[in-house]
Amino acid sequence: MAQILDGKELAEAVRADVTDEVDAWTEKGHRPPCLRVVLIGSNPASEAYVRGKERDARQAGIDSKTLRFDDNITEAELLDVVERLNDDPGVDGILVQLPLPDHIDDRSVIDAIDPTKDVDGFHPENLGRLLIGAPSFIPATPFGIVEMLRRSEIETEGMRAVIVGRSNIVGKPLAALLMQRDANATVTVCHSRTRDLAAHTQEADLVVAAVGRANFITADMVKQGAVVIDVGINRVDDASREKGYRLVGDVDFDAVREKASWITPVPGGVGLMTRAMLLQNTMNAARHHAETAVA
């Protein structure tokens with residue numbers, strides 16, 4: 001039976017460390033780190049996620065505010081909002097909550113964010129720096145996964161890691177992180193065109209599922225003793241629940257838990273770490289801006 005990688009407990013530890021950093025920072029006379037979140041429309045999942053981010057930031061002593069706009073905002077108007085935040089020296093971090101409405105190009109908006117304020121780590125400059133191992137803002141979900149492993153003392157050196165999913169948000173940046181010299185894993189990235197996916201996952205010491213398909217990774221796809229990280233959050237119908245559904249991951253949790261050595265639950269796993277690492281990126285951004293202003 002696998003041990004649980006408890007996202008709640010680990011995220012609380014990260015938030016406590018960031019709170020200590022913020023307290024030490026402000027005690028030296030610096031203003032609190034400043035985060036601005038841009039939210040378009042009223043997507044319930046995005047609203048809930050942003051409320052969680054705001055609560056976490058306030059508790060850590062970070063100045064956080066959400067700028068809300070209607071679905072009908074134009075791309076040009078949104079780019080103007082981003083430009084104003086870029087030009088505001090009092091703002092350290094900018095986060096544009098995805099997904100955006102269909103009439104707005106996500107890539108154009110992400111590319112417009114000042115890379116030094118891109119606390120989501122999605123700007124091409126930050127992703128490129130991550131790939132070559134240079135200091136950068138790391139996308140919060142991959143950052144959170146690596147931090148979970150580190151804080152749980154799960155050694156990745158020499159591991160064969162298989163990532164199922166090749167998104168710019170999780171799969172690709174996580175592959176880059178796990179290949180760095182401080183992780184030293186051997187990484188395979190699988191996707192919808194991978195032939196015989198199970199042949200890859202069955203050989204993996206570390207399986208990361210990030211495909212957005214409920215219970216996609218089954219017990220027969222995982223070798224005995226593997227570490228399994230589930231990034232997925234999917235709704236499945238459940239008449240026994242008040243809301244008529246329940247949340248599950250991309251991994252068949254109950255079955256895979258019988259074979260894995262460690263596993264993340266859904267909910268209560270990677271998602272909480274994602275929010276926590278956003279706080280760390282915001283603190284890092286404040287420090288960077290103070291250092292460059294002095295220079």
Side-chain angles (χ1 to χ4, degrees), residues 1-7 9-11 13-14 121 127 129-134 136 138-192 194-211 213 215-232 249-253 255-266 268-274 276-277 280:
M1 183 72 71
Q3 297 184 72
I4 299 298
L5 282 163
D6 188 339
E9 180 180 326
L10 292 166
V14 173
L127 289 173
R129 292 177 67 84
L130 171 61
L131 187 62
I132 64 173
S136 65
I138 302 169
T141 297
F143 196 6
I145 291 170
V146 171
E147 188 67 8
M148 287 183 101
L149 297 172
R150 186 186 71 81
R151 287 179 180 258
S152 301
E153 298 183 347
I154 297 172
E155 180 58 66
T156 58
E157 182 161 349
M159 266 191 173
R160 180 174 180 187
V162 172
I163 302 168
V164 186
R166 55 179 169 180
S167 72
N168 292 332
I169 295 173
V170 180
K172 291 176 184 175
L174 179 58
L177 274 176
L178 290 173
M179 286 189 292
Q180 301 300 335
R181 292 187 182 277
D182 57 352
N184 291 315
T186 299
V187 183
T188 299
V189 179
C190 297
H191 46 77
S192 60
T194 298
R195 294 178 182 173
D196 196 0
L197 174 62
H200 295 278
T201 57
Q202 287 166 352
E203 295 297 318
D205 305 302
L206 170 64
V207 177
V208 180
V211 291
R213 294 176 61 182
N215 299 320
F216 181 72
I217 301 295
T218 53
D220 62 309
M221 298 173 69
V222 178
K223 79 173 185 179
Q224 195 72 35
V227 177
V228 180
I229 305 293
D230 192 348
V231 182
D250 292 349
V251 174
D252 183 355
F253 180 85
V256 172
R257 188 182 181 188
E258 298 291 332
K259 294 180 71 176
S261 59
W262 292 87
I263 192 169
T264 58
V266 176
V270 172
L272 295 172
M273 286 297 290
T274 297
M277 302 321 293
Q280 185 65 70

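No hydrogens, no waters, no symmetry mates; every other heavy atom, side chains included, goes into these values.
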Flag the pair Val207 / Val227 as yes when at least one side-chain heavy-atom distance between them is below 4.5 Å, and no otherwise.
no

Listed by chain and number, what are the side chain to side chain donor-acceptor pair (under 3.5 Å) partners of Lys172, not counting sequence neighbours?
Asn168

Answer yes or no: is there a donor N or O on one side and an acceptor on the other, between the side chain of Gln180 and the main chain of Ala176, under 3.5 Å?
yes

Nearest heavy atoms of Ser261 and Gly225, plus distance in Å
OG-O, 2.8 Å

From CD1 (Ile217) to CG (Asp252), nearest 0.5 Å:
10.5 Å

Could you check if a side-chain atom of Leu178 sits within less than 4.5 angstrom of a side-chain atom of Ile163, using non-hydrogen atoms only?
yes

For a 4.5 angstrom cut-off between non-hydrogen side-chain atoms, does Asp250 reach Val231?
no

Sequence neighbours excluded, the answer for side-chain contact (heavy atoms from CB on, under 4.5 Å) partners of Ser136 is Asn126, Arg129, Leu130, Ile138

Quick one: does Val266's side chain get under 4.5 Å of Phe253's, heavy atoms only?
no

Those residues that, when tested against Asp220, pass side chain to side chain donor-acceptor pair (under 3.5 Å) (two or more places apart):
Thr218

To the nearest 0.5 angstrom, please state how far the CG atom of Leu272 sits from the CG atom of Leu10.
10.0 Å

Side chain to side chain donor-acceptor pair (under 3.5 Å) with Asp230: which residues, sequence neighbours excluded?
none

Let me have the donor-acceptor pairs involving side chains of residues 152-161, under 3.5 Å, with sequence neighbours excluded, atom names and distances please.
from	atom 1	to	atom 2	distance (Å)
Ser152	OG	Met148	O	2.9
Glu155	OE2	Glu157	N	3.0
Thr156	OG1	Ala183	O	2.8

Checking Asp205 now: which residues fulfil salt bridge (charged side-chain N to carboxylate O under 4.0 Å, His left out) with it, not counting sequence neighbours?
Lys223

Non-neighbouring partners of Ala198 that pass side-chain contact (heavy atoms from CB on, under 4.5 Å), sequence neighbours left out
Asp196, Thr201, Gln202, Met221

Once side chain to side chain donor-acceptor pair (under 3.5 Å) is applied, do any residues pair with Thr274, and if so which ones, sequence neighbours excluded?
Thr141

Using 0.5 Å steps for rounding, measure from the CG atom of Leu197 to the OG1 atom of Thr188.
11.0 Å

Can you find a pair of side-chain heavy atoms, one from Lys259 and one from Val228, that are under 4.5 Å apart?
no

By salt bridge (charged side-chain N to carboxylate O under 4.0 Å, His left out), Arg150 pairs with (sequence neighbours left out) Glu147

Residue that, paired with Ile145, satisfies side chain to side chain contact (heavy atoms under 4.5 Å, CB included) out of Leu177, Leu5, Val208
Val208

Leu174 versus Pro139: any side-chain heavy-atom pair under 4.5 Å?
no

Are the side chains of Ser192 and Arg166 in contact, using a 4.5 Å heavy-atom criterion?
yes

